[in-house]
Amino acid sequence: VHNEKMGMLEELLESNGGDASVVLYHFNEDLARLQDALPGLVYLGEGVSDQRALEIEDEWNKGNIERLALHPASAGHGLNLQGTPSQLCHYCLTWSAELYDQVVARVARQGYVGTTNEGQWLVLNHFIVAENTVDNMKVSRVANKLTAQEAALEYIKSVRT
């Protein structure tokens, strides 16, 4: 196990100038590592009650949470995150193109005025990927809406060349 992805995440968060950031994770082990590295990290995912989720949503929208860890299955539907971040960091990308699309649409929504580029709203969407790993297949799968088998075959072809 290495710490390169965590190092990259910490660098991205530090470079954000204090603006709100969302960190997407997939596995409970990833969340535990995130919580160890980022003390006080608030999260929405397994084990968070509906009442607590509403409280977190309210605090986020008021701008009282700088960093929020989200599991895509918990964030894709039903949340009203109007306090949209200036960056979305995928610490561990989901395999599901549908969950990916849902969470990005939920978090990077129209009407947000944050980091701007000539008056346009902008949310930076970062993939933190370890080279030559399953991460590459995940990026290909969600970006190109491939099946798991198609993503695996595409990855195998790329490694052979």
Tell me if a side-chain donor or acceptor on Asn3 pairs with a main-chain N or O of Met6 at a distance below 3.5 Å.
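Absent.
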Give a yes or no answer on whether the side chain of Asn61 reaches the backbone of Glu57 with a donor-acceptor pair at less than 3.5 Å.
yes
Nearest heavy-atom pair of [X] and [Y]: which atoms, and what distance?
X	Y	value
Leu99	Pro72	CD2-O, 3.9 Å
Pro39	Ala37	CD-O, 3.3 Å
Asp19	Asn16	O-ND2, 2.8 Å
Leu13	Ser21	CD2-CB, 3.5 Å

Could you list the donor-acceptor pairs under 3.5 angstrom formed between side-chain atoms of residues 40-50 and any protein atom two or more places apart in sequence or on another chain?
unit_1 : atom_1 : unit_2 : atom_2 : d
Tyr43  : OH     : Glu46  : O      : 3.4
Ser49  : OG     : Arg52  : N      : 3.0

Going by heavy atoms in the side chains, are [X] and [Y] under 4.5 Å from each other?
X	Y	answer
Leu12	Ile128	yes
His90	Asn125	yes
Cys92	Lys138	yes
Leu38	Leu9	yes
Asp135	Leu93	no

Any chance you could measure [X], atom [atom1], to [Y], atom [atom2], to the nearest 0.5 Å?
X	Y	atom1	atom2	value
Glu98	Asp101	CD	CG	8.0 Å
Thr94	Phe27	OG1	CZ	8.5 Å
Leu31	Asp36	CG	CG	9.5 Å
Leu24	Ser74	CG	OG	10.5 Å
Glu59	Glu55	CD	CD	8.0 Å

Salt bridge (charged side-chain N to carboxylate O under 4.0 Å, His left out) partners of Glu11, counting only residues at least two apart:
none
His26 and His71 aromatic centres sub-6.0 Å:
yes
